[in-house]
Amino acid sequence: MDIPFTKMQALGNNYIYLDDRHIKLDEHQLSPLAQAVSSVRTGIGSDGLILIAPSEQADVKMRIFNADGSEAKNCGNGLRCVAKYAFEKRLVHNTRFKIETLGGVVEAHVHVQQGIVTQVTIDMGKPRLSPKEIPLAEGGEETAIDYPLELDGQYIRFTGVSMGNPHAVIFVEDVEVAPVTTLGPKIEKHPLFPEGVNVEFIHVRTKDEIDFRVWERGSGLTYACGTGACAAVVAAVLKQKVAKGTSVTVHLQGGDLEVVWSEDDHVWMTGPAMYVCEGTYFWRM
Ligand SMILES: N[C@H](CCC[C@H](N)C(=O)O)C(=O)O
């Protein structure tokens with residue numbers, strides 16, 4: 001099967017984008033295709049696959065599959081790229097529109113200069129904070145702040161936040177030496193997280209700056225995680241290291257995002273989205 005694709009990246013978090021108008025794939029093909037295109041050895045090379053499709057409840061729909069083929073309910077960097085693609089390919093005709101995800105409908109606002117989308121702001125909606133919503137395999141309704149996790153005979157404390165997808169935010173002194181690739185995969189698959197979890201290591205540098213590294217569920221080490229950056233700011237506010245309503249610059253490995261958890265409880269994320277290339281993937285199933 002010859003599959004036309006667009007590769008896009010946002011702060012180095014890159015995905016293969018398929019426009020549902022150009023291809024028709026069966027449901028059972030999506031997960032193996034995500035694994036195939038993500039391989040840098042035998043495929044195109046990416047952090048996963050994103051499908052752009054028509055929506056009955058919004059202007060456009062986004063589905064996101066990690067490199068391991070697992071489907072996630074949300075993707076912040078993917079949303080900004082979908083918004084850029086949808087506006088510039090005339091799937092939408094306003095600078096503000098809605099995008100459906102498995103985690104709910106979000107609102108996008110594209111910033112345009114000479115017809116080109118330069119930045120995208122997404123209203124990511126409200127964070128979900130109870131153990132049941134993250135989800136954790138235990139715990140009741142109380143917010144999971146500094147929640148203990150037993151791992152290899154030691155206790156790690158994380159703050160749990162869902163942005164439609166699960167995040168475990170761990171506070172460290174220096175993200176450059178954080179155990180991202182050693183502890184990240186162990187926490188990702190820990191039994192406390194029945195659906196797995198994205199693992200963020202953050203250092204709150206000042207009242208409006210956070211340093212950030214991430215081990216992503218289903219994709220491993222990535223250069224950026226938009227939902228993770230939102231979860232990081234929410235966790236920093238919960239730990240009273242950042243004030244609610246403050247616009248925080250989150251320094252990810254691939255660059256900066258501006259994130260605010262506003263007084264109306266919505267989390268707003270602003271950042272770039274870029275095209276990399278277009279092509280045809282010759283999929284031999
Ligand atoms: N690995 C994530 C999905 C991608 C999220 C990330 N790339 C972002 O920009 O939010 C998960 O399984 O929940």
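Worth saying up front: this structure is predicted, and the values here are computed from it rather than measured. Along the sequence shown, residues carry numbers from 1.
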Quick one: does any side-chain atom of Thr118 pair with a main-chain N or O of His111 as donor and acceptor, under 3.5 Å? yes
When you look at Val214 and Val180, which way does the side-chain contact (heavy atoms from CB on, under 4.5 Å) test go after all the steps? CA-CA 7 Å; Val214 64; Val180 182; over 6 Å; no
Examine Tyr275 and Ile44 and state if one hydrophobic cluster contains both, with Ile, Leu, Val, Met, Phe, Trp and Tyr joined whenever side-chain heavy atoms are less than 4.5 Å apart. no
Assign the ring pair Tyr15 / Tyr17 to parallel, tilted or perpendicular, where the plane angle (0 to 90°) is split at 30° and 60°. perpendicular
Test item: Thr246 side-chain N/O and Val248 main-chain N/O as donor-acceptor pair under 3.5 Å: no
Determine whether Gln119 and Arg80 satisfy the following criterion, side-chain contact (heavy atoms from CB on, under 4.5 Å), listing intermediate values before the conclusion. CA-CA 8 Å; Gln119 291 274 320; Arg80 297 199 315 278; over 6 Å; no
Are side-chain N/O atoms of Ser39 and Thr42 paired as donor and acceptor at under 3.5 Å? yes
Kindly work out whether a path of hydrophobic side-chain contacts (I/L/V/M/F/W/Y, heavy atoms less than 4.5 Å apart) joins Tyr147 to Val169. no
If you measure from CD1 on Ile3 to CG on Asp19, what distance do you get to the nearest 0.5 Å? 13.0 Å
Verify salt bridge (Lys or Arg N to Asp or Glu O under 4.0 Å) between Lys244 and Asp265, making sure each step is shown before the conclusion. CA-CA 9 Å; Lys244 200 168 188 179; Asp265 223 21; 2.8 Å; yes
Indicate whether the side chain of Asn165 and that of Asn74 have a donor and an acceptor atom separated by less than 3.5 Å. no
Does Glu200 pair with Arg213 as a salt bridge, N-O distance under 4.0 Å? no
Is Phe201 reachable from Leu252 through a run of hydrophobic residues whose side-chain heavy atoms are each under 4.5 Å from the next? no
Identify every side-chain donor-acceptor pair in residues 148-157 under 3.5 Å, counting partners at least two apart or on other chains, and give the distances.
residue: Glu150; atom: OE2; partner: Gly153; partner atom: N; Å: 2.9
residue: Asp152; atom: OD2; partner: Lys186; partner atom: NZ; Å: 2.6
residue: Arg157; atom: NH1; partner: Asp146; partner atom: O; Å: 2.7

Have Asp211 and His251 got a donor and an acceptor in their side chains that come within less than 3.5 Å? no
Taking Ser31 for the side chain and Gly69 for the main chain, is one N or O donor matched with an acceptor at less than 3.5 Å? yes
For the CD1 atom of Ile64 and the CD1 atom of Ile52, what is their distance to the nearest 0.5 Å? 12.5 Å
Are Lys239 and Phe171 in a cation-pi setup, meaning NZ or CZ lies under 6.0 angstrom from the ring centre and within 45 degrees of the ring axis? yes
Might you point out which heavy atoms bring Leu257 and Pro272 nearest each other, and give the distance in Å? CD2-CD, 4.5 Å
Quick test of your reading of the model: are Asp68 and Arg217 salt-bridged, counting only N-O distances below 4.0 Å? no
Is there a donor-acceptor pair closer than 3.5 Å between any side-chain N or O of Ser162 and the backbone N or O of Arg128? no
Hey, what do you get for OG (Ser247) to CH2 (Trp268), rounding to the nearest 0.5 Å? 12.5 Å
Validation row: Phe97, Ile99 side chains within 4.5 angstrom (heavy atoms): yes
Quick one: does any side-chain atom of Gln57 pair with a main-chain N or O of Val105 as donor and acceptor, under 3.5 Å? no
Main-chain N/O of Gly125 paired to Asp123 side chain as donor or acceptor, under 3.5 Å: yes
Taking atom CG of Asn94 and atom NE2 of His109, what is their separation to the nearest 0.5 Å? 10.5 Å
May I ask you to decide if Ser130's main-chain N or O and Glu133's side chain share a donor-acceptor pair within less than 3.5 Å? yes
Does one side chain, of Thr249 or Glu209, offer a donor that lies under 3.5 Å from an acceptor on the other? no
Any chance you could measure Leu136, atom CG, to Glu195, atom CD, to the nearest 0.5 Å? 10.5 Å
Give a yes or no on whether the backbone of Leu192 and the side-chain of His190 come within a donor-acceptor separation of less than 3.5 Å. yes
Take atom CD in Glu142; do more than 12 heavy atoms of anything else shown fall under 6.0 Å from it? yes
Same cluster for Val260 and Val161 if Ile/Leu/Val/Met/Phe/Trp/Tyr side chains link at under 4.5 Å? no
For Glu141, is there an ion pair with Lys132 - N to carboxylate O distance below 4.0 angstrom? yes
Donor-acceptor pair, distance only, cut-off 3.5 Å: does the side chain of Lys24 make one with the backbone of Asp20? yes
List, one per line, each side-chain donor-acceptor pair under 3.5 Å for residues 277-285, sequence neighbours excluded.
residue: Glu278; atom: OE2; partner: Lys89; partner atom: NZ; Å: 3.0

Work out which heavy atom in Ala137 is nearest to a heavy atom in Pro191; give both atom names and the distance. CB-O, 3.5 Å
Hey, is NZ on Lys207 packed in by over 12 heavy atoms from elsewhere, all under 6.0 Å? no
Does Ser38 reach the main-chain N or O of Ala34 with its side chain, forming a donor-acceptor pair under 3.5 Å? yes
Are Asp59 and Lys98 ion-paired here, with the side-chain N under 4.0 Å from a carboxylate O? no
Pairwise distance OG(Ser219) to CG(Asn13) - rounded to 0.5 angstrom: 7.5 Å
When you compare the side chains of Thr270 and Glu258, does any donor N or O come within less than 3.5 Å of an acceptor on the partner? no
